[in-house]
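Everything numeric here is computed off the predicted structure, so don't read it as measured data. In the text below, chain A, chain B and the rest are named by the order of the sequence lines, each starting its count at 1.
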Protein chains: 2
Amino acid sequence: MATIYEVAALAGVSPATVSRVFNGLAVSEEKQRLVRDAAARLAFTPNKTARRLRKRSSEIIALLIPDIENPFYTALARGVEDRAQESGFSVVLCNTDDDPGKELRYLQIAASEQMAGVILSPASDEVDLGAIVSLGRPVVAVDRTTPYPVDAVKIDNRSAGIAATKALFDAGYRRVACIAGPAGIEATEDRVHGWRQVVASRMREGYLRHANFRVDGGHAAMTHLLALDTPPDAVVTTNNLMAVGALQALVEAGISPETFGVAAVGELPFMALAPASVVQVRLPARHLGTTAATMLLERIAGDAQPLRTVVLRAEVAPPASPREEWARKESAL
Amino acid sequence: MATIYEVAALAGVSPATVSRVFNGLAVSEEKQRLVRDAAARLAFTPNKTARRLRKRSSEIIALLIPDIENPFYTALARGVEDRAQESGFSVVLCNTDDDPGKELRYLQIAASEQMAGVILSPASDEVDLGAIVSLGRPVVAVDRTTPYPVDAVKIDNRSAGIAATKALFDAGYRRVACIAGPAGIEATEDRVHGWRQVVASRMREGYLRHANFRVDGGHAAMTHLLALDTPPDAVVTTNNLMAVGALQALVEAGISPETFGVAAVGELPFMALAPASVVQVRLPARHLGTTAATMLLERIAGDAQPLRTVVLRAEVAPPASPREEWARKESAL
DNA sequence: CTGAAAGCGCTAACAT
DNA sequence: ATGTTAGCGCTTTCAG
């Protein structure tokens, strides 16, 4: 790879001028042409590492998500990416697997790589953002919050929980259970609160079950619920993947999803043949991403306004055919 | 962030010694202790940017995939990540969207960021790997190949196509159509060849349809096939997502997937309620990733053996219940 | 085994 | 508007 010195020599100017040309600073038309020609002839590409060492910052933002195989997060990632690209930033996707250890490692990498900022969906309430924040790097929490004072963009989770649960009662179900994510994550607990609030006034016993956020977790929890003496006749899951597991458990138990109510906070992924009776509370995943990226980029650009928390509202969705689902989804892109 | 100079001063040694300690080079026990203590006291983390500038290479590998929302590629990505982590490498995920322009941009970034190597699933047969290769950075093509002379790991696509098609004939279907991906991608064309080979000896007319690799493409293609004068009674899709679309189209047309045969090269994602009759030819996505990563890391370590192409075999899968599917999947992790 | 010193390629004062 | 120069923090000869 050629350096600015070689370009400068070939163009007959100083290295500084070459640098200026590539940074859009004031340089005469003529020298500009000279430099560009020389650069082209040498196939010169600025060395970002050197630039970064000098400027002590890069045009890269880190995005830490808990599960790269969950379509909710890939959609969110796309949102971040789209927005970042517009501003010439690249995004590095880091999969934390909900493991605080991995999360910490990635945070350190973000710091030592001089990344411009980080967007994260914390694996636990106890992420240590101290190091990265004290370095002056902006941080935005997305989807999940953290007690650490940083910008955040989240969903109105309680309303989402309420909406999902209400839809089930409206459809005539009476014993509405809830399959929640792991304790200690505010987002899922808020959804549970929503469920509890609706349920409290209508039934006595509480069917609450905690599980991991994945398909197997939803399956196990549903299986347990069905084994109860008085099993529920409907269930709310606090994320998309657990709903898939719950549906599987129902099918296995020979229970038609038409007779058993299922509502999910989130969109069921790739449901070719989802029963029309499944209620989905749509989460603006991609929008979450673009919003977070916008906030982060503003901070990177020097915006110093007080900390903000943006709350996005989930859209209560009536059951729809799979095809309608997709039509909607595609058009949203 | 503290620098080696500050650590050196505090420890009473030279900067070089600090560097040696952090690189595992020979340093006396005593000074080693001194340095580590000082480093700990200052919360010193080596500046990777400076190191990279000096060493002209980083411990980062770029992974370019066509569609981050396709579970096949996220599984592949996990494989790459797992393997990379073991060797202390980080992986940067780049979503090309099957767009040669984006692909080129990411390739340039990989070069100017001094990434150690790149693993890519080319968006087209005409990627220009010249720049990156001439820089001496190793490249491994995965899933899809490229005419450029680089290492590759692929799937035995023709056999996969044959297996999917045969399974349909064995099940008694006689008019087996094929929904293929875009022309110009060897992987999908090889699968089509497999289909054609099986079909040629058993039926006269050919039901071949090209589509994009996504759900909407599969849906449109299936809709067209069903509108034919003599529609097929079964279909093979050359990837996972198009099968989802095809199933949707069938459901819409009021055709039970039990009476219409469906076989996919790839695993249907998150199929909570997949009809047991869908044949899936399992692709070792994650294994593809670990293999590619292993090859790349060997090259990075200086391995200079001749170019290799590893061909992985797809596993012909009998239809299974959704639950069995997941049990299998989880245990594979 | 350890220290001194020379860069890696770029940017940003400071001059001119 | 342009050139000169001094680093950014680290690794790596080269001496000792």
Side-chain angles (χ1 to χ4, degrees), chain A residues 1-36 38-39 42-60 88 108-116 135-137, chain B residues 1-36 38-39 42-60 88 108-116 135-137:
Chain A
M1 293 212 99
T3 74
I4 50 172
Y5 290 96
E6 309 176 43
V7 175
L10 184 56
V13 302
S14 79
T17 298
V18 177
S19 171
R20 288 183 185 115
V21 169
F22 278 88
N23 285 288
L25 300 182
V27 170
S28 72
E29 283 292 319
E30 167 141 3
K31 304 222 165 192
Q32 208 155 132
R33 211 181 33 70
L34 251 31
V35 168
R36 293 202 188 285
L42 296 173
F44 167 77
T45 321
N47 180 320
K48 298 220 190 192
T49 302
R51 161 184 303 196
R52 184 183 313 178
L53 178 58
R54 185 59 232 245
K55 311 227 306 187
R56 334 192 61 158
S57 168
S58 67
E59 256 93 58
I60 295 184
Q108 288 173 337
I109 291 180
S112 67
E113 293 280 350
Q114 269 86 260
M115 297 192 187
L135 233 59
R137 305 291 180 202
Chain B
M1 293 210 99
T3 73
I4 50 172
Y5 290 96
E6 308 176 44
V7 175
L10 184 56
V13 301
S14 78
T17 298
V18 177
S19 170
R20 287 182 186 117
V21 169
F22 278 87
N23 286 288
L25 300 182
V27 170
S28 72
E29 283 291 319
E30 166 141 4
K31 303 221 167 192
Q32 209 154 130
R33 210 180 35 69
L34 252 31
V35 168
R36 293 204 189 285
L42 296 173
F44 167 76
T45 320
N47 181 319
K48 298 218 190 195
T49 303
R51 162 185 301 197
R52 185 183 312 178
L53 178 58
R54 186 57 230 243
K55 309 227 307 188
R56 335 194 64 174
S57 168
S58 66
E59 256 93 60
I60 295 183
Q108 289 172 337
I109 289 180
S112 67
E113 293 279 351
Q114 268 85 262
M115 296 191 188
L135 233 60
R137 304 289 179 204

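Note: NZ (A:Lys55) to P (C:dA13) measures 11 Å, nearest angstrom. A straight line from CG of B:Leu53 to P of C:dA6 spans 17 Å, rounded to a whole angstrom. Whole-Å rounding puts the B:Glu30 CD to C:dT2 C1' distance at 13 Å. Per the geometry, CG belonging to A:Asn23 stands 17 Å off P belonging to C:dG9, to the nearest Å. Between the CD1 atom of B:Ile4 and the P atom of C:dT2 there is a distance of 16 Å, rounded to whole Å. In this structure, CZ of A:Arg54 is placed 15 Å from C1' of C:dG7, rounded to the nearest angstrom. In this structure, the CZ atom of B:Arg52 is 15 Å from the P atom of C:dC10, given to the nearest Å. One atom, CG of B:Asn47, and another, P of C:dC10, lie 17 Å apart when rounded to the nearest Å.
In this structure, the side chain of A:Arg137 engages the main chain of A:Met115 through a donor-acceptor pair within 3.5 Å. Using modelled atom types, no side-chain atom of A:Ser57 and backbone atom of A:Ala116 make a donor-acceptor pair closer than 3.5 Å.
Counting heavy atoms from C-beta outward, B:Thr49 and A:Arg56 have side chains that stay 4.5 Å or more apart. Residues B:Val18 and B:Tyr5 are not in side-chain contact: their nearest non-hydrogen atoms beyond the backbone lie 4.5 Å or more apart. Taking the side chain as every heavy atom from C-beta outward, B:Val35 and B:Val27 never approach each other to under 4.5 Å. Residues B:Arg20 and B:Val13 form no side-chain contact, since every pair of their non-hydrogen atoms from C-beta on lies 4.5 Å or further apart.
For B:Arg56 and C:dC8, the shortest distance from a side-chain N or O to OP1 or OP2 is not below 4.0 Å. Of the side-chain N and O atoms in A:Thr49, none sit less than 4.0 angstrom from OP1 or OP2 of C:dC10.
Contact of B:Arg20 with C:dG3 (side chain to base): a donor-acceptor pair of N or O atoms is detected under 3.5 Å.
Here A:Phe44 lies in heavy-atom contact (under 4.0 Å) with sugar-phosphate atoms only. Here A:Lys48 lies out of heavy-atom contact (under 4.0 Å) with every strand. Among the protein residues, B:Val18 comes within range of no part of the nucleic acid, since none of its heavy atoms lies under 4.0 Å from any strand.
Of the residues near DNA chain D, A:Lys31 and A:Tyr5, the one whose nearest nucleotide (by heavy atom distance) lies more toward the 5' end is A:Lys31. Where B:Ser14 and A:Ser19 meet DNA chain C, the nucleotide closest to each residue was compared, and B:Ser14 sits on the side nearer the 5' end.
Using a cutoff of 4.0 Å between basic side-chain nitrogens and carboxylate oxygens, A:Glu113 and B:Arg52 are scored as salt-bridged.
Scanning DNA chain D 5' to 3' for nucleotides with an atom closer than 4.0 angstrom to a non-hydrogen atom of chain B gives a first and last hit of D:dG9 to D:dT13.
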